[in-house]
Amino acid sequence: MRQLVALICGGALLGGCIPQVAPPEGSSRPAPARPSRPAPPPPVSSGVPAGPSAPIVRGEMIRYTTSPCGGACPVYSVTVRPDGTGTFEGQRFTAVTGARDFRVSPAQYEAFLTRLAPYRPRSGSVRTVPGTPACGQHATDMPSVEVQWDGRAGHRALSYYFGCDRSRSPGVADALGSAPDLLPIAGLIGARP
């Protein structure tokens, strides 16, 4: 019961949106330090990969798509390609609606790839959503994210609902929620509640 209350209160504090690791308005964020070797996340049970489930595959196109929530969560897709091109597609509650192209540096692409790599399935798709054992008890009206990797190694996909019991997969929500902060799209997404 305590976990359920903590989960609901935690969801309320997040404002129902994807966790963000953004600086206060008006401050500039230095470029993230590029680690020489990404640290694996803590072990996770119930279907969410515990560490790099597949080696980092450079040269993959990554598509990151958010879903609506019970509030004013930004709904958008962002596609990043290894050649340094990207496309942002704002749908709802974003500063920009429609498609906008942008450029990423090799360091930004690598940082985005590295942040998401521990959650890339070895094959096929992994879903951590209500109704699956990996989700457990969950808060309602939260957004979700779908990440797709496409390249020489084939297609991989991860769906993650941010209202799932975070004690079952510590760190996953923060890593997935903060990944877009590594790309130059803050002005396209706009203010996030």
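Atoms considered below: every heavy atom in the structure, side chains included; atoms not considered: hydrogens, waters and symmetry mates. Just so you know, residue 1 is the first one in the sequence shown, and it goes up from there. The structure presented is a predicted model; accordingly, all values stated were derived computationally and were not measured.
Side chains of T94 and L188 form no contact here, defined as non-hydrogen atoms less than 4.5 Å apart. Side-chain contact check for M61 versus W149: every heavy-atom pair is 4.5 Å or farther apart. Two residues are said to be in side-chain contact when any heavy atoms from C-beta on lie closer than 4.5 Å; R168 and C135 fail this criterion. T128 has its side chain out of reach of Y161: every pair of non-hydrogen atoms, C-beta onward, lies at least 4.5 Å apart. Side-chain atoms of V104 and F112, non-hydrogen and from C-beta on, never get closer than 4.5 Å to each other. Inter-residue side-chain proximity for F162 and C69 is flagged as unmet; no heavy-atom pair is nearer than 4.5 Å. With a 4.5 Å cut-off on side-chain heavy atoms, V145 and T65 do not count as touching. In this structure the side chain of Q91 reaches within 4.5 angstrom of the side chain of S77, judged on heavy atoms.
Ring geometry for Y76 against Y64 counts as parallel: the plane angle stays under 30°, on a 0 to 90° scale with 60° as the upper cut.
By the side chain to side chain donor-acceptor pair (under 3.5 Å) test, S123 pairs with no residue at all, sequence neighbours left out. R63 is linked by a salt bridge (charged side-chain N to carboxylate O under 4.0 Å, His left out) to E89, counting only residues two or more places apart in sequence or in another chain. Residues satisfying the side chain to side chain contact (heavy atoms under 4.5 Å, CB included) criterion with F93, sequence neighbours excluded, are A72. Take T85 and apply the side chain to side chain donor-acceptor pair (under 3.5 Å) test, not counting sequence neighbours, and it matches R81, D83. Partners of S105 under the side chain to side chain contact (heavy atoms under 4.5 Å, CB included) rule, at least two apart in sequence or in another chain, are A107, Q108. Every residue two or more places apart in sequence or in another chain was checked for a side chain to side chain donor-acceptor pair (under 3.5 Å) with S159, and none qualifies. A search for side chain to side chain contact (heavy atoms under 4.5 Å, CB included) contacts involving R92 returns P68, V75, not counting sequence neighbours.
The nearest pair of heavy atoms linking G187 to A95 is O-CB, 3.3 Å. Counting all heavy atoms, side chain and backbone alike, V96 lies closest to F88 at O-CE2, 3.6 Å. Among all heavy-atom pairs drawn from R115 and A179, the shortest one is CG-CB, 3.9 Å. Residues Y109 and V80 approach most closely at CD1-CG1, 3.6 Å, considering heavy atoms.
Side chain of S67 to main chain of S144: a donor-acceptor pair is present (N/O by atom type, distance under 3.5 Å, no hydrogens or angles). No side-chain donor-acceptor contact under 3.5 Å links R166 to the backbone of G163.
Atoms OH and CG, from Y160 and L176 in turn, are 7.5 Å apart once rounded to the nearest 0.5 Å. Q137 CD to C164 SG: the interatomic distance, rounded to the nearest 0.5 Å, is 11.5 Å. Atom CZ of R156 and atom CD of Q148 lie 12.5 Å apart (nearest 0.5 Å). Summarising the geometry, atom CG belonging to L183 is positioned 8.5 Å from atom CD1 belonging to I62; distances are rounded to the nearest 0.5 Å.
For residues 93-108, the set of pairs meeting the salt bridge (charged side-chain N to carboxylate O under 4.0 Å, His left out) definition, not counting sequence neighbours, is empty.
Using modelled atom types and a 3.5 Å distance limit, the side chains of T87 and T79 yield no donor-acceptor pair.
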